[in-house]
Amino acid sequence: MKPSIPKGTRDFSSSEIAKRRFIFETIQEVFECYGFEPIETPSFENSSTLMGKYGEEGDRLIFKILNSGNYLQKVTDEALEKKDLNQISPKISEKALRYDLTVPFARYVVQHQNELVFPFKRYQIQPVWRADRPQKGRFREFYQCDADVVGSDSLWQEVEFVSLYDAVFSKLRLDDVVIRINNRKILTGIAELIGAEDKLIDFTVALDKLDKIGREGVLNEMRSKGLSEEALTELEPVFDLTGTNLEQLQAMESMLQDSEIGMKGVEELRFVVEKLEELKLDSARLELDITLARGLNYYTGAIFEVQTDKMKLGSIGGGGRYDDLTGIFGLKGMSGVGISFGLDRIYMVLEELDLFSEDVVKKPKALFVNFGEKEALYALKAIQALRRDGVRAELYPSSAKMKKQMNYADKREIHFVVLAGEEEMNTGKFGVKNMRTGDQQNCNQEELMRLLGSKD
RNA sequence: GUGGUUGUAGCUCAGUUGGUUAGAGCGCUAGAUUGUGGUUCUAGAGGUCGCCGGUUCGAGACCGGUCUUCCACCCCA
């Protein structure tokens, strides 16, 4: 049997782990700096918790877990005969793998509402699974790093999240990141204005594709979804928006005069944009984009999407406000807003741009050559002392040929090889070879500690 | 879910209109070098050609199916 792993999953080498950890730690540090506290939820939930929360498309992409035991027991012969999946699926599968972190979080908030202090700020860094077809930057198992606040409808939270995005990407030295921002209320307002409220989802999904399929493409898609020519004509000004964020908002304001919800959206966006102009971003750019829609249908206010033009890849982060996410689990009137970082895509970008510094990968500092039982014991005494000082040191496990041991050190890129044979033992010395320069010197244990204990 | 693409040694890949025993580079193991890695030289090991079926006297090559890789769409981080 040829060993393999499932489609869309990956093994990680130690150097990849080191780099991934660096990203995790950076994000985690910033999350905590902004006052978020960690939680974790199970990797699988009851199907009923997840199903129906991500739209029809989402349901298809949820990994369902087959019941244990005789999972066909509850299925009627009739349903089986007809191969009626909608009937069979819920009977044979009652659990499903986590599809994102937001819905489990909503469940968590409702379930633990009495123990939480609101506004509740949590972050969560865990893998999620999607039964998607893998392609560039798209995996079936990947990590999301989420931070959300529930129990506050303050727009300052939106301001904080944009600032948080900026802080993380600045720390990762990934500059020229674009944070696109929009507000669902504006989209609703536009739909209202052109008389397409009932087709809000189709409308926003089509509009979102503007940069991909162009103006005509968008109009065609809207036509095919049943929007009237009249509506499309009224939409024209949206495509012609230009100028700064505030100028565009100005234009939207005059356009949405007759839509109460639209005006609310403009007002909200203006608040966020204005405050961030005062506060200044470090390296990211905040860009108002009226065409930004994002598929998830629970967003009701601000929506964010983070992209980098340094690499052709989907978004590396996204988020938004949802006024009633916990409502479906029975807790009404709880507004939440949150953002997510796509770790795996950020990794790809940093790798592509060669932004990982070399020292994220921790190599052992010293390998002691094994010359035999007595010498090995002598070496291990020094190794123990080094380890107490936090120096990564080890002994070659067997007294193999010198060439083999040296070769081993070389391949693992170990900085120093320490040689202590009979002669060194008798004089209490150690031969230390620097594998990068090839220099070799004799020293006593004290000097050895100083040499290997130093930075690099 | 739709369309395309890929699969030959551990890795990267050659392999002619179908024709004997399927190759190269790198890597690996050993030796040259019994206390010194990288460089060099020599020798060696390593392949049911993704899998199943079909066409043929004969298939790594052609046909069908299936799995896999990567890419695009849908959708998304």
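Keep in mind the model is a prediction, meaning the values are calculated, not measured. Below, read A as the first sequence line, B as the second, and so on, with proteins coming before strands; counting in each chain starts at 1. The basis for the numbers below is simple: all heavy atoms, side chains too, and nothing from hydrogens, waters or symmetry mates.
Counting only residues at least two apart or on different chains, the ring-ring contact (aromatic ring centres under 6.0 Å, His included) pairs with a member in residues 18-41 of chain A are F24(A)-Y143(A), F31(A)-Y123(A), F31(A)-F341(A), F36(A)-F161(A). For residues 147-161 of chain A, the side chain to side chain donor-acceptor pair (under 3.5 Å) pairs, not counting sequence neighbours, are R122(A)-D148(A), D148(A)-Y322(A), S152(A)-Q157(A), E158(A)-R321(A).
Using C1' as the reference atom, rC57(B) and rU20(B) are 14 Å apart when rounded to the nearest Å. Distance check on atom P: rG4(B) versus rU66(B) gives 13 Å, rounded to whole Å. Between rG7(B) and rG60(B), the two C1' atoms lie 12 Å apart (nearest whole Å). Taking the C1' atoms as reference points, rC74(B) lies 38 Å from rA14(B), given to the whole Å. Look at the P atom in both rA45(B) and rG23(B): the space between them is 13 Å, to the nearest Å. Comparing the same atom, C1', in rC49(B) and in rA22(B) gives a spacing of 8 Å after rounding to whole Å. If you take atom C1' in rG50(B) and the same atom in rA9(B), they sit 15 Å apart, rounded to whole Å. Only the C1' atoms considered, rU5(B) is 26 Å distant from rU48(B), to the nearest whole Å.
E394(A) has no carboxylate O lying under 4.0 Å from a charged side-chain N of R387(A), or vice versa, which leaves the two without a salt bridge. Between E221(A) and K225(A), none of the side-chain N atoms (NZ, or NE/NH1/NH2) sits under 4.0 Å from a carboxylate O, so this pair counts as no salt bridge. Under 4.0 Å is where a charged nitrogen must lie from a carboxylate oxygen, and between E16(A) and R10(A) no such pair does.
By the 30° and 60° cut-offs, the orientation of the rings of Y108(A) relative to H112(A) is tilted.
Rounded to an integer number of Å, the gap from NZ of K401(A) to C1' of rA30(B) is 8 Å. Per the geometry, CD1 belonging to I125(A) stands 14 Å off C1' belonging to rA77(B), to the nearest Å. Atom NZ of K53(A) is separated from atom P of rC76(B) by 17 Å (rounded to the nearest Å). Across the protein-nucleic acid pair, E57(A) atom CD and rG1(B) atom C1' stand 8 Å apart, rounded to whole Å. Between the CD1 atom of I201(A) and the C1' atom of rC75(B) there is a distance of 13 Å, rounded to whole Å. Distance CD1 (I316(A)) to P (rC76(B)): 18 Å, rounded to an integer number of Å. Atom-to-atom, CG of L61(A) to P of rC75(B) comes out at 11 Å; the value is rounded to the nearest Å. In this structure, NZ of K312(A) is placed 8 Å from C1' of rA72(B), rounded to the nearest angstrom.
At rU29(B), none of the side-chain N or O atoms of K404(A) fall inside 4.0 Å of OP1 or OP2 (strictly under the cut-off). For K209(A) and rC73(B), the shortest distance from a side-chain N or O to OP1 or OP2 is not below 4.0 Å.
The residue among G318(A) and R60(A) whose nearest nucleotide of RNA chain B lies closer to the 5′ end is R60(A).
Within 4.0 Å of Q144(A), counting heavy atoms only, lie sugar-phosphate atoms of the nucleic acid but no base atom. Within 4.0 Å of G58(A), counting heavy atoms only, lies no atom of the nucleic acid at all. If you check every strand for non-hydrogen atoms under 4.0 Å, Y143(A) touches nothing.
Residues Y165(A) and V177(A) form no side-chain contact, since every pair of their non-hydrogen atoms from C-beta on lies 4.5 Å or further apart. You'll find the side chain of D146(A) stays beyond 4.5 Å of the side chain of F105(A), heavy atoms only. By the 4.5 Å heavy-atom criterion applied to side chains, I181(A) and L292(A) are not counted as neighbours.
Between the side-chain ring of F142(A) and the base of rA77(B), a stacking contact exists by the 5.5 Å and 30° definition.
In summary, the side chains of N370(A) and S399(A) do not present any donor paired with an acceptor at a separation below 3.5 Å, with no hydrogens or angles considered.
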Enumerate, atom names and distances included, each donor-acceptor pair closer than 3.5 Å involving a side-chain atom of residues 346-357 of chain A, sequence neighbours excluded.
unit_1, atom_1, unit_2, atom_2, d
Y347(A), OH, E351(A), OE2, 3.3
E351(A), OE2, K19(A), NZ, 2.9
S357(A), OG, D359(A), OD1, 2.7

Subject >> Annotated protein contacts, base or backbone, on nucleotides 33-42 of chain B with a non-hydrogen cut-off under 4.0 Å, one of B, S, - each >> reply: --BBBB----
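Where pairing requires Watson-Crick or G-U contacts shorter than 3.5 Å, the helical stems of RNA chain B with at least three consecutive pairs are B:1-4 with B:70-73, B:10-13 with B:23-26, B:28-32 with B:40-44, B:50-54 with B:62-66.
Contact record, L451(A) with V432(A): CD2-CG1, 3.8 Å, taken as the closest heavy-atom pair.
Between the side chain of R138(A) and the base of rC75(B), a donor-acceptor pair under 3.5 Å is found.
The number of heavy-atom neighbours closer than 6.0 Å to CD of E197(A), taken from other residues, nucleotides and ligands shown, is above 12.
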What protein N or O atoms touch nucleotides 68-70 of chain B N or O atoms at under 3.5 angstrom, if any, and at what distances?
none

